[in-house]
Amino acid sequence: MRASQFFLATLKEAPQEAELASHKLMLRAGLIRKLGSGLYSWLPAGIRVLRKVERIVREEMDRAGALEVIMPPVQPAELWQETGRWELYGPMMLRIKDRAEREFCYAPTAEEVITDIARKELRSYRQLPVNFYQIQTKFRDEIRPRFGVLRAREFSMKDAYSFDADEAGMLASYRRMFDAYGRIFTRLGLKFRSVAADSGEIGGSASNEFQVLADSGEDQIAYSDASDYAANIEQAEALAPSAPRAAASAPLKKDPTPGVSTCEGVAKLWNEPLARTVKAILLTANDRVHMLLIRGDHSVNEIKVGKVPGLKGWRWSTDGEILAAAGGPAGYLGPVGLDRAKITVVADRTVAAMSDFICGANEKDFHLRGANWGRDCPEPDLVADVRNVVAGDPSPDGKGRLALVRGIEVGHVFALGRRYSEAMGATFTAEDGAQRPFEMGCYGIGITRIVGAAIEQNHDERGIIWPDPMAPFAVAVIPLGLHKSEAVKAAAEKLYGELAGAGVEAFLDDRNERPGVLLADQELVGIPHRLVIGERGLKEGIAEYQHRRDAQATKVPLAEAAAFVRARLAG
RNA sequence: CGGGGUGUAGCGCAGCCUGGUAGCGCACUUGCUUUGGGAGCAAGUUGUCGGGGGUUCGAAUCCCUCCACCCCGACCA
């Protein structure tokens, strides 16, 4: 491709809407333009990258035996009502009506449609297993779209759905997809980790996420420093302290803490470590108020809370409920002196093992110190893991300690089971003649998100640095003074021709611009390899090769330049 | 949805407080010079000042209202 025939929409300055590096760079490099909140057009340079990602995903899905289909992005409400998700999905789903006032949605995902296809088309166990996938535009009306294509409302997703006759088969299909995903992200040249995950709204038993590692990621990943354990922090288990609870050694004492309503404040006021304090959080579930107790330096894991018996569908208690159940206001709450008929005490595993702790006195402007389970208040009604793990916690698999890194979720595989097949009556005739619901799995990859995540992971102050497999062009040929030197022009054209002839995606920047402009654009757009041709080098018979990550250029004899680059690409 | 902020040329911004009919840089067009890291000079082009309403002789500027976009939050008691 010649620059003169391409549309290079680079910008010197980033539009003010962009905050994150990848978002700014995608706009500046001319990959995308914003149409509205969470809506992006993809320009020619962006499309080239997107197609590369799609191609690798397709190849690996095909190789794993999945079959490509396309389902309509506009789907009738009836299907979603069958599974109850028409209501469940809530405002995330964009709902539309046709001229006859029939309700539709713009697909946020396609379990219902694919299950409908399965129940109509798949009749016998002999047809199983089968795995359908599509690469399609999805729409999710996110509460707050942000970070450009990383959390857009409209985005491209590869979604696959497997159908098996039994659970063992389904788990094998799941495994095949898991392995395919690993190959995809490896081939894309990204640093990633697969982690155990919460299955969330989609439901099902097993679930793994694929996270591209990047400091700006929205997700936190906990991994063991001594094993291959890795999990999303939403899911990572915080083990109970191994040491038994120490005996009470301090007397219970109530002291004023005027205006100090946080653990941090009390710890500072009393010059005590934050880890000695306990914070109380009141939740209401099933019309009963619960006091959740977390160590002062820990944070609540809302997903774990929802899994505690009796806390499914919990919400934060109102101020009125708090006062009525605990007797004191928020900020001064604790387990001592509660009427347990009115309130259930749920202690985090760590808190249950604490002694001589600091907590609220259930009275405005007072806290307690030297509080002890058993002596000062009854033992907790429930002890559960409800906090987020922190770095240094023991790994749940018993090997090593946990460390935390940030990641961007680009893939997610779910072992669904029969949730959708049962809800929609999708059955097949089994070997014994009985009708059985399909065992399903579903597998997503955020195609557009991968592009943003790759940039987030691979950029510097000058611009993008594409991994070779995703680069819009493999190599930039940059002639310095093409419009004034016949020798430069001839050498650049020859080199470009050699590369193109060898099937290398070369970009010849034949614009009549100063060298700085050409070089800056190549660096901004992130073309990973470049060959500079200038009069200076021609005198020596060389081209200057430089990888986007190289600090210095390497002189390469002109005649060998094309082969030199091809060797780098192969490696 | 709550809080904060921003909307002025394609992009980045000033002007607004203290009303007087719109400006800077980049980009774009033309010409000349220049050409190994985002050129210089000269001459141009580009605006319903987010929309609507109001106050006023007069509104980008003051008031009301709506809209769009961005950031933080929507747990931490």
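The analysis underlying the following values was restricted to heavy atoms, covering all of them including side chains, and did not include hydrogens, waters or symmetry mates.
- For the C1' atoms, the distance linking rA22(B) with rA60(B) amounts to 8 Å, nearest Å.
- At the heavy-atom level, I143(A) lies under 4.0 Å from base atoms of the strands shown.
- Using cut-offs of 30° and 60° for the angle between ring planes, the F473(A) and F507(A) rings count as tilted.
- The R146(A) side chain lies nearest to rC72(B) when the options are rU35(B), rC11(B), rC72(B).
- Atom NZ in K34(A) sits roughly 12 Å away from atom C1' in rC71(B) (whole-Å rounding).
- Residues A476(A) and I527(A) approach most closely at N-CG2, 3.5 Å, considering heavy atoms.
- Distance noted for atom P between rC16(B) and rG23(B): 15 Å (whole Å).
- Taking the side chain of E264(A) as heavy atoms from C-beta on, and the options rA77(B), rU35(B), rC11(B), the nearest nucleotide is rA77(B).
- Remark: D381(A) engages R340(A) in a salt bridge, criterion side-chain N to carboxylate O under 4.0 Å.
- For V517(A), counting side-chain heavy atoms from C-beta on, the closest listed nucleotide (rA77(B), rG38(B), rU35(B)) is rG38(B).
- The nearest whole Å value for the distance from the CZ atom in R144(A) to the P atom in rG4(B) is 15 Å.
- Contact check, T262(A) against rC76(B): no side-chain N or O comes under 4.0 Å of OP1 or OP2.
- The P atoms of rG40(B) and rC26(B) are separated by 7 Å, rounded to the nearest whole Å.
- When the P atom is used for both rU21(B) and rC49(B), the distance is 15 Å, rounded to whole Å.
- In the set rA77(B), rC69(B), rG38(B), the nucleotide with an atom closest to the side chain of A520(A) is rG38(B).
- Using a 4.0 Å heavy-atom distance criterion, R530(A) is classed as a base contact.
- Looking at heavy-atom distances under 4.0 Å, L282(A) makes contact with a base.
- Among the atoms of the strands shown, base atoms are found under 4.0 Å from some heavy atom of I322(A).
- Among the heavy atoms of the strands lying under 4.0 Å from L480(A) is at least one base atom, whether or not backbone atoms are also near.
- Using a 4.0 Å heavy-atom distance criterion, A18(A) is classed as making no nucleic acid contact.
- For Q16(A) against rG7(B), no side-chain N or O and base N or O form a donor-acceptor pair under 3.5 Å.
- For the pair L558(A) and A543(A), the tightest heavy-atom approach, listed with the atom from each and the gap, is CD2-CB, 4.1 Å.
- OP1 or OP2 of rG38(B) has not a single side-chain nitrogen or oxygen of R514(A) nearer than 4.0 Å.
- Residue-level contact check: R462(A) touches the bases, meaning some heavy atom is under 4.0 Å from a base atom.
- Checking rC13(B) for Watson-Crick or G-U wobble geometry (two distances, each under 3.5 Å) identifies rG23(B) as its partner.
- Within the 4.0 angstrom heavy-atom criterion, base atoms lie near G534(A).
- A salt bridge between R536(A) and E544(A) is absent, with no side-chain N of the basic residue lying under 4.0 Å from a carboxylate O of the acidic one.
- Nucleotides rU18(B) and rU61(B) place their C1' atoms 10 Å apart, quoted to the nearest Å.
- E302(A) comes within 4.0 angstrom of a nucleotide base, judged by non-hydrogen atoms across all strands.
- A gap of 22 Å separates the C1' atoms of rU55(B) and rU8(B), to the nearest Å.
- With salt bridges taken as basic N to acidic carboxylate O contacts below 4.0 Å, none links K279(A) and E264(A).
- Between R146(A) and E19(A), none of the side-chain N atoms (NZ, or NE/NH1/NH2) sits under 4.0 Å from a carboxylate O, so this pair counts as no salt bridge.
- Separating the C1' atom of rG20(B) from that of rU34(B) is a span of 45 Å, rounded to the nearest Å.
- Across rG7(B) and rU48(B), the matching C1' atoms stand 15 Å from one another, rounded to whole Å.
- Here R387(A) lies out of heavy-atom contact (under 4.0 Å) with every strand.
- Nucleic acid contact for G360(A): none, since no nucleic acid atom lies under 4.0 Å from a heavy atom of the residue.
- E544(A) contributes a side-chain N or O that forms a donor-acceptor pair with the base of rG36(B) under 3.5 Å.
- Here the side chain of A330(A) is nearest to one of rG38(B), rA77(B), rG12(B), namely rA77(B).
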